[in-house]
Peer 1: 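This structure is in structure tokens; I'll ask about it shortly.
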Amino acid sequence: MKVILLGEIKGKGGEGDIVDVAQGYAENYLFPKKLAVAATKGELKQLEQRRNNIAKREEKRLADANALKASLDGKQVTVDVKVGDEGILFGSVTAAMVADAIKAQLDLDIDRKRVELGKPIKVAGAHTVPVSLYRDIRAEVVVLVGVTAADAAAEETAEVAEEAAVEEVAEETAETVEESAE
């Protein structure tokens with residue numbers, strides 16, 4: 001069944017798109033929630049007249065999403081949770097908790113459904129979390145779980161120093177092996 005979408009539907013399309021969906025999906029979900037109308041000759045004629053308005057709204061949505069991405073991308077938010085031994089959390093950090101942290105710390109209102117966490121975070125540390133803003137526009141936020149920004153920077157510095165020490169030992173071992181082979 002062909003329908004005209006009246007708003008954005010994830011996985012189907014955006015406002016004004018003509019898509020083919022199952023009849024039951026259209027009659028039981030899309031039509032009652034006013035998300036779509038049947039693609040009749042009259043509705044298609046009205047759609048052509050509304051195309052200009054739809055294009056203007058789409059441009060505004062894209063501009064807003066890009067502005068939000070610029071203000072959100074690469075930012076850090078901290079989620080305070082109880083951390084047990086070895087950095088394992090008591091419970092987990094959910095998408096709703098990340099959205100609340102973004103609201104509280106960055107004063108940006110993000111729907112929890114837009115936070116693409118996948119699985120809840122169960123380990124302390126810095127985690128990069130993608131946030132879907134509009135269609136294919138995504139921003140990445142660094143979520144510090146159970147640590148402060150200073151702790152995360154110190155942890156990263158310690159990891160770099162440890163890697164450098166391991167490389168130095170490996171080079172010394174290689175030189176020793178070369179000298180003993182001569």
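Everything numeric in this text was worked out from a predicted model, so none of it was measured.
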Peer 1: Taking side-chain hydrogen bond (donor to acceptor under 3.5 Å, both in side chains) as the definition, give me every residue that meets it alongside Lys60, ordered by chain and number, with sequence neighbours left out.
Peer 2: Asp64

Peer 1: By the salt bridge (charged side-chain N to carboxylate O under 4.0 Å, His left out) test, which pairs, at least two apart or in different chains, include something from residues 18-41?
Peer 2: none

Peer 1: Arg135: which residues meet the salt bridge (Lys or Arg N to Asp or Glu O under 4.0 Å) condition with it, sequence neighbours left out?
Peer 2: Glu8, Glu58

Peer 1: Stepwise, does the side-chain contact (heavy atoms from CB on, under 4.5 Å) test hold for Val115 with Val141?
Peer 2: CA-CA 10 Å; Val115 177; Val141 178; over 6 Å; no

Peer 1: Sequence neighbours excluded, which residues qualify as side-chain contact (heavy atoms from CB on, under 4.5 Å) partners of Asp73?
Peer 2: Lys69, Ala139, Glu140

Peer 1: Using salt bridge (Lys or Arg N to Asp or Glu O under 4.0 Å) as the criterion, list what pairs up with Lys82, not counting sequence neighbours.
Peer 2: none

Peer 1: How would you list, by chain and number, every residue that makes a salt bridge (Lys or Arg N to Asp or Glu O under 4.0 Å) with Asp111, sequence neighbours excluded?
Peer 2: none

Peer 1: Sequence neighbours excluded, which residues qualify as side-chain hydrogen bond (donor to acceptor under 3.5 Å, both in side chains) partners of Arg50?
Peer 2: none

Peer 1: Tell me every residue that passes side-chain contact (heavy atoms from CB on, under 4.5 Å) with Glu48, counting only those two or more places apart in sequence or in another chain.
Peer 2: Arg51

Peer 1: Not counting sequence neighbours, which residues clear side-chain contact (heavy atoms from CB on, under 4.5 Å) with Gln105? List them please.
Peer 2: Val77, Thr78, Ala101

Peer 1: Should Val21 and Leu6 be counted in the same cluster of Ile, Leu, Val, Met, Phe, Trp and Tyr side chains packed under 4.5 Å apart?
Peer 2: no

Peer 1: Got a sec, which residues hit ring pair (Phe, Tyr, Trp, His ring centres under 6.0 Å) with Tyr29, two or more places apart in sequence or on another chain?
Peer 2: Tyr25

Peer 1: Determine whether Met97 and Leu108 fall in the same hydrophobic cluster, where Ile, Leu, Val, Met, Phe, Trp and Tyr are linked whenever their side-chain heavy atoms lie under 4.5 Å apart.
Peer 2: yes

Peer 1: Look at the side-chain heavy atoms of Ile, Leu, Val, Met, Phe, Trp and Tyr, link any pair under 4.5 Å apart, and say whether Leu117 and Val123 land in one connected group.
Peer 2: no

Peer 1: Restricting to side-chain contact (heavy atoms from CB on, under 4.5 Å), what partner residues turn up for Arg57, sequence neighbours left out?
Peer 2: Glu15, Asn53, Ile54, Arg61

Peer 1: Apply the test side-chain contact (heavy atoms from CB on, under 4.5 Å) to residues Leu30 and Val3: give CA-CA distance (whole Å), side-chain angles for both, the deciding distance (0.1 Å), then the verdict.
Peer 2: CA-CA 9 Å; Leu30 297 177; Val3 297; 4.3 Å; yes

Peer 1: Any chain of hydrophobic side-chain contacts (each under 4.5 Å) joining Leu5 to Val37?
Peer 2: no

Peer 1: Please enumerate all residues that pass side-chain hydrogen bond (donor to acceptor under 3.5 Å, both in side chains) together with Glu116, with sequence neighbours excluded.
Peer 2: Arg138

Peer 1: With a 3.5 Å distance limit and no angle check, can you tell me whether Asp17 reaches the backbone of Gly13 through a side-chain donor-acceptor pair?
Peer 2: no

